[in-house]
Amino acid sequence: MPSLRIHLDRLLEDAAPKVARQDLTYTERLALVRKHGNFSLAYSTAVQQELSCFGGTDGYIAFGTKMMHHFALGDPVAEPSDRPDFIRRFVEAARNPWFVQVSEETARVLAGLGYQVNCLGVDTRLELPAHDFSGKRNETVRYSERWLLKRGFSFAEDKRTVSPDEVRRLSENWRADRIVKRWEMAFLNRPFSYRLGPDMRRFVLHGPDGGLIALLDFDPLFSGGEVIGYTTSFKRKHVDATPHAEVGLTKFAVDCFRGEGVSVVTLGLSPLAENGPSGFIESSFWRHAFQRAYESAWVNRRKFNLQGQAAFKRRFHGAEKPTYIAFRHGTFVQMLGLLRLVKAL
């Protein structure tokens with residue numbers, strides 16, 4: 001029998017403002033992403049089947065609903081010139097929804113609609129080919145790669161030859177060492193799949209004995225039907241793996257992309273990092289709350305290693321591009337709904 005909590009969630013979701021949902025198929029979402037998916041979360045909005053879509057065959061806004069409120073994920077997947085209209089129509093239909101992990105362009109439109117806009121964190125971008133791993137500041141990154149190769153480790157791109165069972169065993173081993181072991185986060189992340197989705201790329205590290213030690217999955221970034229870059233979507237490594245494993249494998253993948261002429265690789269969101277003033281009208285309460293959460297030893301030890309995420313990505317000396325969260329009122333209950341949507345609570 002469904003739990004009382006599930007029943008209450010359904011009642012609250014039924015009480016949320018009614019939004020006309022477009023029943024786009026998986027194939028239709030991916031087709032739109034291939035045209036307009038030039039931001040880090042675009043691919044994820046297409047493959048998270050539990051998300052709803054507002055819009056039509058010319059584009060969509062992906063959103064989730066929790067505790068009587070709607071939360072848009074990322075920018076609209078639409079022609080950039082059409083995105084402001086998608087945003088305005090969704091704000092009217094959903095009655096002041098939140099927007100989570102959006103770009104400066106989307107934040108600017110929302111600010112013009114009376115929204116408060118706070119920094120949510122930064123997305124680390126490696127602009128290629130200008131970014132490389134030469135120079136003193138990248139010495140530790142190069143050392144990780146050399147350390148692994150000297151000890152018999154090997155890098156490769158998985159051309160869908162690594163068995164799903166081997167990937168499953170690695171993922172289960174990795175999950176056993178996580179702060180939260182019982183479930184994976186959602187919305188901002190999606191459940192890990194042992195098999196790659198269309199256009200995704202996977203890079204792997206094998207140990208001297210041939211065993212799978214670590215993997216990195218990347219989602220594609222598109223413009224006009226062409227792949228222009230990749231963004232890190234998943235990482236898994238054995239709990240006993242050397243700290244050099246993830247660093248060396250990231251360098252290997254980025255070097256491969258650079259050699260292919262890819263223009264950008266993003267390492268994904270560092271939540272709540274660099275959470276200063278947004279430059280827009282914002283909630284000082286939530287800015288200070290985000291700062292306290294980022295600095296909290298308890299949060300980093302018991303909930304999510306925010307500082308560790310940011311420190312790892314800064315090893316690669318990319319450009320940190322701010323991302324934003326926007327709301328009209330920003331109540332505690334609405335924030336609780338978002339935290340439950342991402343399964344942080």
Mutual orientation of the aromatic rings belonging to W98 and F327 [parallel < 30°, tilted 30-60°, perpendicular > 60°]: tilted
side-chain hydrogen bond (donor to acceptor under 3.5 Å, both in side chains) partner of S103, chosen from T323, D75, D123: D75
Looking at R314 and E274, is there a salt bridge between them, counting it only when a charged N and a carboxylate O are closer than 4.0 Å? yes
Does R88 pair with E92 as a salt bridge, N-O distance under 4.0 Å? no
Do the charged groups of R201 and E260 touch, with an N to O distance under 4.0 Å? yes
Just say parallel, tilted or perpendicular for the rings of F90 and H70, cut-offs at 30° and 60°. tilted
Please give me the minimum heavy-atom distance between Y294 and N300, naming the atom from each residue. O-ND2, 3.0 Å
Ion pair present between R89 and D85, side-chain N to carboxylate O less than 4.0 angstrom? yes
Side chains of residues 203-218: which donor-acceptor pairs under 3.5 Å do they make with residues two or more places apart or in other chains?
residue, atom, partner, partner atom, Å
D209, OD1, G211, N, 3.0
D217, OD1, R202, NE, 2.7
D217, OD2, R202, NH2, 2.9

Can you see whether T45 engages Y60 through a side-chain donor-acceptor pair at a distance of less than 3.5 angstrom? yes
Ion pair check, R287 and E282, cut-off under 4.0 Å: yes
Just by distance, with hydrogens left out, do S134 and D132 show a side-chain donor and acceptor under 3.5 Å apart? yes
